[in-house]
Structures are given as structure tokens and as C-alpha cells.
Amino acid sequence: MDVFPDTVIIRSVKEKSKKCSVLPLKGKPGIILLNYPFKKTLSLPNYIRLSAEGPPLSQADNDKGILLLDGSWRNAGNMERTFESIPPRSLSQYKTAYPRTSKFGTDPENGLASIEALYVAYFILNRNPAGLLDHYHWKKEFLELNNFPAS
């Protein structure tokens, strides 16, 4: 695939479908979901990667595509190494409403659920987040916790 939409989500096949917050976005215009691992390499020039580490996402990134890696924090390292050439951007000033259940202590303090991270990125970049949280169980709590208007 030579041309990618604004948002590419790479989803770990180890992630349980039942817990996956981004699966309802499958088929949404402007978003493509791919399973990880995959055999082909992707070229994503002019993209930024949402990450727990890195400079904060800002309006300066408005002309860039978004790469979102979706998987457990425990398995995120392998996915991040695969895409380390894509500049990371953090969203550290926001809080998750997703209940943490890590038995391994691998969740970063500033970690968000994938769908929360995508919503915040769209908000910061002035992209329309309508419908992103429609199927998210903790939508109301997330919006209130971060002082976003109810949608």
C-alpha cells in the first residue's frame, strides 16, 4: 500500500479482541487497522508515533499522519522497536479512565488506553474526533477526567 490515511493503527494479535478499544474503528474513513506482527515492512514518511515517551504532541505535528501501536504495555517494546524510526510524541498531561489491571507493573504512569490516546491526538491536532469514543465503555469518565466537553 503506497498511500496511507491520516491514522494507521497497528494492533498486536496478542491483544484480546474483547479488551481492544480500537476494533470498533475498523472501516472508519481515514483509519486503517493492521495486525502485528506482519511480514512486509511499512514506509510511513511524515508520520509521528504516539508513545508514552518523547516530545509532547503539538500543533507543529498537524501536517503529519498518526501511527498508533495497540497492544498491552508488556508487549509494547517489540512493537516500538519495529517502528523506532518514526518520531515518538507523548500525551503525558492526560489521564486514563481505563481501569489498570497489570500484574507485571508494566503500565506507565502517563499511559492511556489506545482509543483515549487517539482521541487526545485528534483533539490536539484539531482533527474531528466525532465517533471515536462511541463504543468506549469509559467514555464519560475519560471526558470528565480530562475536562473535555461531552460528545
### Task
Mind telling me whether F148 and Y119 have parallel, tilted or perpendicular rings, with 30° and 60° as the class edges?
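Y119 and F148: perpendicular rings.
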Rounded distance [0.5 Å steps], [atom1] in [X] versus [atom2] in [Y]:
| X | Y | atom1 | atom2 | result |
| --- | --- | --- | --- | --- |
| F123 | N146 | CZ | CG | 10.0 Å |
| L69 | F83 | CG | CZ | 6.0 Å |
| S43 | I86 | OG | CD1 | 8.5 Å |

So do the side chains of [X] and [Y] get within less than 4.5 Å of each other, counting heavy atoms only?
| X | Y | value |
| --- | --- | --- |
| L118 | I9 | yes |
| L132 | I31 | yes |
| L34 | L42 | yes |
| R11 | L23 | yes |
| P55 | R89 | yes |
| L25 | H135 | no |
| I66 | L125 | yes |

Whether the side chain of [X] engages the backbone of [Y] through a donor-acceptor N/O pair (distance < 3.5 Å, no angle test) should be reported.
| X | Y | answer |
| --- | --- | --- |
| N62 | Q59 | no |
| S21 | I115 | yes |
| N46 | D63 | yes |
| S90 | G54 | yes |

### Query
What pairs meet the salt bridge (charged side-chain N to carboxylate O under 4.0 Å, His left out) rule with one or both residues in residues 113-136, with sequence neighbours excluded?
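Counting only pairs at least two positions apart or across chains, the salt bridge (charged side-chain N to carboxylate O under 4.0 Å, His left out) contacts touching residues 113-136 are D134-K139.
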### Task
Might you confirm whether atom NZ of K26 has over 12 heavy atoms from other residues, nucleotides or ligands at distances under 6.0 Å?
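No, because the 6.0 Å sphere around NZ of K26 holds 12 heavy atoms or fewer from other groups.
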### Message
Holding to ring pair (Phe, Tyr, Trp, His ring centres under 6.0 Å), I want the full list of residues that pass it with Y136, two or more places apart in sequence or in another chain.
### Response
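Checked Y136 against ring pair (Phe, Tyr, Trp, His ring centres under 6.0 Å); matches are W138.
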### Task
Mind checking ring pair (Phe, Tyr, Trp, His ring centres under 6.0 Å) for Y122 and listing every partner two or more places apart, or none if nothing turns up?
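With neighbours one apart ignored, the set is empty.
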